[in-house]
Amino acid sequence: MEVDWNHIEVKWQRRWAECRVFEADPIPRDKRTGKKEKGLLITFPYPYLNGRLHLGHAFTCLKADIYARVKRMQGFNVLFPFAFHATGEPIVGVAERIRKGDKDQIKILVKGGIPESEVEKFKDPRYIVEYYRREAIEDVTRIGFSIDWRRQFTTIDPPYNRFIEWQYLRLRELGYVSLGTHPVIWCPNCESPTGDHDRLVGEGVSYVEFILLKFELNGAFLMAATLRPETVFGVTNIWVNPDATYVRVKCNNEFWIVSEDAVSKLRAQRKQVEVFESFKGGSLIGKLCKNVVLGNKVPILPAFFVDPSNASGIVMSVPSHAPYDWAAIKELKSNPALLEKYNVSTNMLEELKPISLIKTDGLGEHPAVEAVDSVGVTSQLDQRLEELTKEIYKKEFHKGVLKENTGKYSGMPVRSVKRVLIDDLIAENKASVMYECADTVICRCNTKCIVKILENQWFLRYSDPEWKEKVYRLLRTMMILPEEARSAFESTIEWLEDKACVRKTGLGTRLPWDPEWIVETLSDSTIYMAFYTLAKYLNAFNVDASKLTPEVFNYVFLGKGNLEEVASKSGLSEELLEAMKDEFEYWYPVELRVSAKELIFNHLTFFLFHHVAIWPEDKWPRKIGVNGMIRVEGEKMSKSKGNFITMREALSKYGADVTRIGLAYAAEGLNDPDWRDKEVQGLKKRLEALYELVVNIPPTKPLDREIDRWLRSRLHRRIKAATENYESLKTRSAIQECLFNLWNDLRWYMRRTSSYGDILRETVRTMVLLLAPVVPHLCEELWEKMGEKNLIATEKWPEYDEKYFDEVVEGKEALLENLVNDIREIVSVTGRKPKRILLFVAPRWKYRVLEEAIRGKEGLIKRVMQIPEVKAYSKEAVKYTEKLMKELPPVFLTQEEEIDALRSASLFIGREFDTEVEVLLAEESMHEKAKVAEPLKPGIYIE
RNA sequence: GCGGGGGUGGCCGAGCCAGGUCAAAGGCGCCAGACUCAAGAUCUGGUCCCUCAGGGGUUCGGGGGUUCAAAUCCCCUCCCCCGCACCA
């Protein structure tokens, strides 16, 4: 049947709005009596407004909406608010690019469906926010999310800024915010950290810590950069690039020699650097310098693999363990002309002997020498050296142990010596540290990035062990859906270190005590769920942001301060303050927050940190739901792949309910939902069939036969399962239960009987109720068609009663189902058309044996043989008993029950096979099939 | 590399945490039959292999082990997804 989806959706969305069903207010204090009078606050992370909402947003938000709708029907007062995130750089970036007339940016916008006339206005970031906010509201409404819109806001609204100011003042008071100094990847041109998304080249690249080891030459130190400081014990020489420019500088009261390129980097890393002279690397070659760690002298030699733009541009040579070094030595040996050019005697080279200092199982005395020689590398610029280096380093790092020639470090595993050694060397002033990008990073502005140590930045002290302990405590009491995600939270809490919470650019709230900083986006979205409780009043009364002083928030959120005083100081009325305070206390804590799994590692965990910091335990969140990442036709959804689906597109193509069920059925738990058009179309057909089913319910009458009780039993089990699934966000399983499985039950029922009991109508009715959270528009329509007057959105959720669970009746039906299948199999195997079917019910004694077997396997044969009526069949009885020892039937019926089930179903079975059925007792027959009859497995003979 | 989650039949996905009733729910797809003038929808059956009496055989990324018994427990290995921070 054709369903006019659009008509239905518009009709009910209008009705919901008229009735204000989703606008939730606290129940007046004096009427609150129990649990259900306490509000449930359900939240979805506000989306960032740099584009339209897409299927990924819809998926996550739908999980929350379905939960909200179920809880609402269960009689809870549910608040499901929505807001918008605008803090940060990207929106400003778009505006800036438009202002500059960036063609690509314009193209992106137009392709994203922005009318040409609007593009011009996108110069203003606030306009962008406003534009996408309007669009988002339309989409969210059209998909039927049950939002209380009175509470919406954006994170750049002045009242919100006041709120964040309060939050950070509070955190600072509590000692959770402090100044810190940390290295970052930095663009010298933009003068700001270069995040992944800001990079032209080098996505995912982080920095590495080089150790600069000192090699003394004429009162200055050549600073050799290494990632393997432990190999200082095996240095045979120093490498410099003869063509590169080096400088002698004064750095923190010492003279250093480094590459020219290193100077600005060292300066960015808090080093005072004064350049005295510069010269080519070639002028150093052939000289001897002193290894400060060991005290011996080693020569300086030329090498072309040395990159002056990497770290200090000076490398120490450890030919035993470093393939590059050995390759370079080999090459020099074979190139006397080069040596001559720099006046290096061949003797000097002859004296270079690899020094082994690490012993590793599976590797020889000089791993690098062996590796290089065996693959036949002859040039230091050979590509294969990179691979060999990695291979050897990996093995040595994990399994290597330092040899005797490493002094006090002898015997230590490489893995654990590193940190100790570095700390020692630095303490002894024999080494220094220099950070460098692990690989080339180029900023969007086309500038090569360096590592800068940022000073005096504000940090959230997530590393604080006491803070962490509190979060662990919260986590233990929280429900994590699904449970598998819990360990990710645990390891995140453990792994988390101090995090910069401010930036210099972008939209956002300025730090109240240090206004040159703006609170960064992941740091201003941690406790804002509390803001929804106030936003209703701020919006309704258009409250002036300047009145929202820290005292106001202290009073409302923490109950601190004196009402009169706060009122007079802020200029807000006492009534309003009281109302806001009550509203907050009514809705808080957060009942459920749903987000995608990639956010466990920051946003969701920060959410926990900030709550435990600011509020006492009774305001800590209760549940977190985590879900997978949307895919489209099996592929990751992305703009570049061209398979990006906005909510708008999906809604136009499929309509709200079909989109909803498509998403809700696509996945649950941590699994990634896969949006497949065919699958969604299948679900659409199914919904249309449901419509037809409901509209054409056949007449029913009050009947209470076994088959009616069977359907009731199934129905109640389905209600139980569906409810539990919904409550744990398992929307797929819930739909499975109440749409597919219940439908199959119904089919069986209609096949078994042609006169329908009222239970049929009740089942259909319940089905509609159970599906209402997923496909609310359709269900409202069906509800009305069934003659109901109330909105299904606030209708009472079906409750199950275990007293209707009927094992015997279900057992009987299972017996029949198996029996029909068996008969069918026989018919198909024999290819015979049945003229008559004889069914033999097993003899009584077999039921006695089965009964005993159910009691336990212990001494079963003995026990069984003590029963006289069994003993009479001892030989067969032993056989049957042994069979039962291996495997018991899944249900148990008495002989009477089985006879009854078969007799009353004989017409049905006959109908299925278009023949006659006779039910006989094995006791009274000599037929061969009478002998094989067992309880729950009647003998079958087909004539 | 490190941390987290996964790999099941043509596809999607349950099941594994508490081993047996698992050849493995359900959906999609496909095949056959019923209904229909016909199509669609719906209903019934089939969809790893073999089998003319309800049976048997080989499957749950790959390899090994524990057990009377493993998709389910243990070890090793390969592959996929998410995150690794100053970014929404």
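Lettering of chains follows the sequences in order, A, B, ..., and the numbering in each one begins at 1.
The partner of B/rA39, taking Watson-Crick or G-U wobble pairs whose two distances both stay under 3.5 Å, does not exist in any strand shown. Nucleotide B/rG29 forms a Watson-Crick or G-U wobble pair with B/rU47, both donor-acceptor distances falling under 3.5 Å.
When heavy atoms are screened at a 4.0 angstrom cut-off, A/Val932 is found touching base atoms of the nucleic acid. A/Leu454 comes within 4.0 angstrom of no nucleic acid atom, judged by non-hydrogen atoms across all strands. Among the heavy atoms of the strands, none lies under 4.0 Å from A/Gly508. Heavy atoms of A/Thr194 sit under 4.0 angstrom from primed sugar atoms or phosphate atoms, though from no base atom. If you check every strand for non-hydrogen atoms under 4.0 Å, A/His603 touches nothing. Contact annotation for A/Ile823: no contact, since no heavy-atom pair falls under 4.0 Å across all strands. Across all strands, A/Thr87 comes closer than 4.0 Å only to sugar-phosphate atoms, never to a base (heavy-atom distances). No contact: A/Trp675 has no heavy atom under 4.0 Å from any strand. Counting any heavy atom pair closer than 4.0 Å across all strands shown, A/Pro938 reaches a base atom.
The ring of A/His182 has its center closer than 6.0 angstrom to the ring center of A/Phe459.
OP1 or OP2 of B/rG45 sits under 4.0 Å from a side-chain N or O of A/Arg751. In terms of phosphate contacts, A/Lys685 brings a side-chain nitrogen or oxygen within less than 4.0 Å of OP1 or OP2 of B/rA41.
The salt bridge (charged side-chain N to carboxylate O under 4.0 Å, His left out) with A/Arg486 is formed by just one residue from the set A/Glu490, A/Glu483, A/Glu484; it is A/Glu483.
With A/Phe607 as the aromatic partner, A/Arg593 meets the cation-pi criteria of under 6.0 angstrom to the ring centre and within 45 degrees of the ring axis. A/Trp748 does not carry A/Arg714 over the face of its six-membered ring by the limits of under 6.0 Å from the centre and within 45° of the normal. Remark: A/Arg752 is positioned above the aromatic ring of A/Phe908, its terminal NZ or CZ atom under 6.0 angstrom from the ring centre and at most 45 degrees off the axis.
Across the protein-nucleic acid pair, A/Phe489 atom CZ and B/rC82 atom P stand 18 Å apart, rounded to whole Å. Nucleotide B/rG54 holds its C1' atom 12 Å from the CD1 atom of A/Ile837, rounded to whole Å. One atom, CG of A/Leu839, and another, C1' of B/rA53, lie 14 Å apart when rounded to the nearest Å. Atom P of nucleotide B/rG54 and atom CD of A/Glu912 are separated by 22 Å, given to the nearest angstrom. Taking atom CD of residue A/Glu633 and atom C1' of nucleotide B/rC28, one finds them 12 Å apart after rounding to whole Å. Computed from coordinates, the A/Lys929 NZ to B/rG55 P distance equals 10 Å when rounded to whole Å. Taking atom CZ on A/Arg461 and atom P on B/rA85, their separation rounds to 22 Å, with Å as the unit. As a whole-Å value, the separation of A/Ile185 CD1 from B/rC86 P is 8 Å.
Identified under the side chain to side chain donor-acceptor pair (under 3.5 Å) test for residues 928-938 of chain A, with sequence neighbours left out: A/Asp822-A/Lys937, A/Lys883-A/Glu934.
No salt bridge links A/Lys730 with A/Glu724; every basic N to acidic carboxylate O contact stays at or beyond 4.0 Å. No salt bridge links A/Lys504 with A/Glu191; every basic N to acidic carboxylate O contact stays at or beyond 4.0 Å.
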### Task
Let me have a per-nucleotide readout for nucleotides 4-14 of chain B, 5' to 3', with B, S or -, counting only protein heavy atoms under 4.0 Å.
SSS-----BSS

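In terms of polar N and O atoms assigned as donor or acceptor, the side chain of A/Asn602 comes within less than 3.5 Å of the base of B/rA88 in a complementary pairing.
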